[in-house]
Amino acid sequence: MAVFPWHSRNRNYKAELASCRLETVPLECGDYHPLKPITVTESKTKKVSRKGSTSSTSSSSSSSVVDPLSSVLDGTDPLSMFAATSDPAATATVTDSSRKKRDKDDSSFVGPDFEPWANKRGEILARYTTTEKLSINLFMGSEKGRAGAAASAMSEKVRTRLEELDDFEEGSQKELLNLTQQDYVNRIEELNQSLKDAWASDQKVKALKIVIQCSKLLSDTSVIQFYPSKFVLITDILDTFGKLVYERIFSMCVDSRSTLPDHFSPENVSDTAKETCLNWFFKIASIRELIPRFYVEASILKCNKFLSKTGISECLPRLTCMIRGIGDPLVSVYARAYLCRVGMEVAPNLKGSLNKNFFDFLLTFKQIHGDTVQNQLVAQGVELLSYLPLYSPAMGWIFQCVSYHAPEALLTEMMERCKKLGNNALLLNSVMSAFRAEFIAARSMDFIGMIKECDESGFPKHLLFRSLGLNLALADPPESDRLQILNEAWKVITKLKNPQDYINCAEVWVEYTCRHFTKREVNTVLADVIKHMTPDRAFEDSYPQLQSIIKKVIAHFHDFSVLFSVEKFLPFLDMFQKESVRVEVCKCIMEAFIKHHQEPTKDPVILNALLHICKTMHDSVNALTLEDEKRMLAHLINGFIKMVSFGRDFEQQLSFYVESRSMFCNLEPVLVQLIHSVNRLAMETRKVVKGNHSRKTAAFVRACVAYCFITIPSLVGIFTRLNLYLHSGQVALANQCLSQADAFFKAAIGLIPEVPKMISIDGKLRPSEPFLLEFLCNFFSTLLIVPDHPEHGVLFLVRELLNVIQDYTWEDNSDDKIRIYTSVLHLLSAMSQDTYLYHIDKVDSNDSLYGGDSKFLAENSKLCEVVMAQILEHLKALAKDEALKRQSLLGLSFFNSILAHGDLRNNKLNQLSVNLWHLAQRHGCADTRTMVKTLDYIKKRSKQPDMNHLTELALRLPLQTRT
């Protein structure tokens, strides 16, 4: 292909913009409004067919407002209905899921304000552990033969089942000794799985044997410290058994014809199901020992629903009385806890049995201090101080069940009965842990009086004050009592010698202090904490509690000027000597500042404190720090930087940014934020002076520009640097700092050769050419308005950039270089116009400097010819089978560029466009639809003024036909 000269067409940008605007058409709305409901006309066709006559149709139409979402909300999903009608198995699945939902709804009488047992389970297992060896007694059934044929009579079948249970209880005994706690847990889990396997294989008697065997373990208190955890593990098995039995009986009530209603009554239950249910209760009644008989029957308490409406209400008092036969107070209280748990699940409205359990427990509470228990503790070497907390989970659960939605009078009665027992500390602690916080808070002074009278033997008073503090964190006491409550509590807390006991209490009462008092009282509390935790570096063992204190303080002090004026706040932070913990605390403070501090600040107290905190976070960054952690720290520091404003004191603002750069130099996102902030500062300065560009203002802007120019090279990301050079150059140009703008643009051009072939984005390597193409297109848009330097010749920046693009090593199969050259051609065409499309205020671009000078236009044309030669050479190189598609696309793209920017009245340029049209269609690679649309566009443009020459061009552009 020969080289063709370039001739840019003259552009009238205002006229072109006007021609591109959409035509305004008046709209007659009438009753129409886009938000009005849609009226749908629904036609119904009814077919009528009679013998000996042709079928006829009758149609009726009705208009109604139809909500398009109604079919979703009413549950009539057409796909689900189709699947349900076509697949019987699906119908069974739907029925089964409905039954499970109904069962769940039936038992969910308690509200979300009732803390479930599942929440306590993990805490109990983690807290009550032991290093002593444990044992499990396994009663293995004997292998003696059975009678030959099974009797057909029902009485014979029952007798056979009872004999199996007798055989189990009288069989051989196997004892597993010297088990570690983990071995014990594993063995219990194996028994739970064995229960499920036996049930699945229809060995119901074996399943019952396993449950009885496990229930007997709850009578063993040989390793008493582990008993609460043992209770949790065994009752898991009991829960599994109860669920299996209930579901088995329920399944017998469901057949293909009917199912039980949501709230069924015994009349709806089949006789077979009732008989099976009675059979289970008869089996359990035959268990000789009290504890397994009680636990197994309690586990299937819900099954009474199949037999009688009053079955559960009659059974609960009887089971409550059965517990009176258990002599060990620890075993007894956990049995009551299990009965209360089951009772709350199946009949939470039956408060009578819950209250009876509570008052029975109070009657037997003195047994804890009796000779039998004391002898047992001596034998196991357990102190009373370790023994009494074993009761807490069970007592807490019983008290929680009894106090749930209980009337005020009942709670008052319960508290009075506790008083009569001599204000026992364990009992009082359970009351404060279980009763409503509002009830406790309203009687705070009464509880403090009771705490004072308690005997500390076995249960220290500071734990009672901690429980009281937990309630006061949830509910407010009477205002007149608040200061006295704090004084009484802190008198006890501050006297604690053990740092761990002290911090556990102080952590709770800090929130009460923050809620109801000023920074003066908070400062006093923080000072006391520092005093107790500093000796012997006790704070090193209490970082979680100290962190909790900080979180509570910043949660209540949203005014950070007040927070940092608390004298002991920053010294309190100094106790966090472990770097990872200190950084986490600093992150919490910064998150709170960003969340709650809405207005910009220049308060020196806040700035100094937060700079110290941010510096702490920054200095924790090292070579091993994860990228996610760096991003999080940078986000928090940037949030702080954005909130700092000195108003119109621009010099002070710049000084802050200079100081921040020196402090946070290891976090690139922070440096990027600082550069953007300084650029904004320079632009704000320009707005404020409103044209009064004094020497002082100019010097300040140059200082901002210098800040950016110095900072950008310290960044690592290549495209981050390129984009910041471009942005900073634009800011310098907007502030009439022309030489500084040239320096930024030259730096960007000099950086392009360093762009690697691949760059890492979100941990993945990606080709860099698309990003470079995007950057250069943005750069070209800026270069249009950059005036030439008088000492560097015409279009010196464009020439330097073209040289860099020419020397850059592009990918072999990439066309990005040609796309860039095409963009350069667009730029040069725009530069040849008498008036540019856009300008910067008070900056004379080349259209003003040269004023259409012929020498400037000649240099511009020469550059265009060089660029065109590069494009045409590349198109020629693509004349290979594997590159014909690329050649077609690039040829059409170049054709469109000439059509948009070239003067097609020039014969050579006109001929070049025709050649490119043919090249695009050669070898059948062009998209016919695109070619048709392009030709239609040319014909449409030919009808515009001064575009008659396009009519002749259109006649020379044939469309290739495919046969």
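All of these numbers come straight from a predicted model, not from anything done at the bench.
- Taking the side chain as every heavy atom from C-beta outward, Ile752 and Ile805 never approach each other to under 4.5 Å.
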Distance-only donor-acceptor hits, side chain of residues 776-802, under 3.5 Å, sequence neighbours excluded:
| residue | atom | partner | partner atom | Å |
| --- | --- | --- | --- | --- |
| Asn778 | ND2 | Glu774 | O | 3.4 |
| Ser781 | OG | Cys777 | O | 3.2 |
| Thr782 | OG1 | Gln730 | NE2 | 2.8 |
| Thr782 | OG1 | Asn778 | O | 3.4 |
| Asp788 | OD1 | Leu795 | N | 3.2 |
| Asp788 | OD2 | Leu795 | N | 2.8 |
| Asp788 | OD2 | Tyr850 | OH | 2.7 |
| His789 | ND1 | Glu791 | N | 3.1 |
| His789 | ND1 | His792 | ND1 | 3.1 |
| Arg799 | NE | Val794 | O | 3.0 |
| Arg799 | NH2 | Glu859 | OE1 | 2.5 |

Check against side-chain hydrogen bond (donor to acceptor under 3.5 Å, both in side chains), Gln911 and Asn915: CA-CA 6 Å; Gln911 183 59 45; Asn915 294 345; 2.9 Å; yes

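- Between Leu904 and Ser913, some side-chain heavy-atom pair lies under the 4.5 Å cut-off.
- Taking 4.5 Å as the limit, some side-chain heavy atom of Pro958 sits within range of a side-chain heavy atom of His918.
- Between the side chains of Ser677 and Gln673, at least one donor N or O lies within less than 3.5 Å of an accepting N or O.
- At a threshold of 4.5 Å between non-hydrogen side-chain atoms, the residues Glu811 and Glu769 count as touching.
- Side-chain rings of Tyr707 and Tyr657 stay apart, their centers remaining 6.0 Å or farther from each other.
- Taking 4.0 Å as the cut-off between side-chain N and carboxylate O, Asp628 and Arg631 count as a salt-bridged pair.
- Between Leu726 and Phe744, every side-chain heavy-atom pair lies at or beyond the 4.5 Å cut-off.
- In summary, the side chains of Asp847 and His839 do present a donor paired with an acceptor at a separation below 3.5 Å, with no hydrogens or angles considered.
- The aromatic rings of Phe771 and Phe719 are tilted relative to each other, their planes meeting at an angle between 30° and 60°.
- A donor-acceptor pair is defined here as one N or O able to donate and one able to accept, closer than 3.5 Å; no such pair exists between the side chain of Ser814 and the backbone of Trp810.
- For His874 and Asp815, the side-chain atoms include at least one donor-acceptor pair closer than 3.5 Å.
- Residues Asn735 and Arg702 have side chains that never bring a donor and an acceptor to within less than 3.5 angstrom of each other.
- A 4.5 Å side-chain heavy-atom check between His826 and Ser897 finds at least one atom pair inside the cut-off.
- A salt bridge is defined here as a Lys NZ or Arg NE, NH1 or NH2 lying under 4.0 Å from an Asp or Glu carboxylate O, and Arg9 with Glu16 meets this definition.
- For Asn948 and Ser942, the side-chain atoms include no donor-acceptor pair closer than 3.5 Å.
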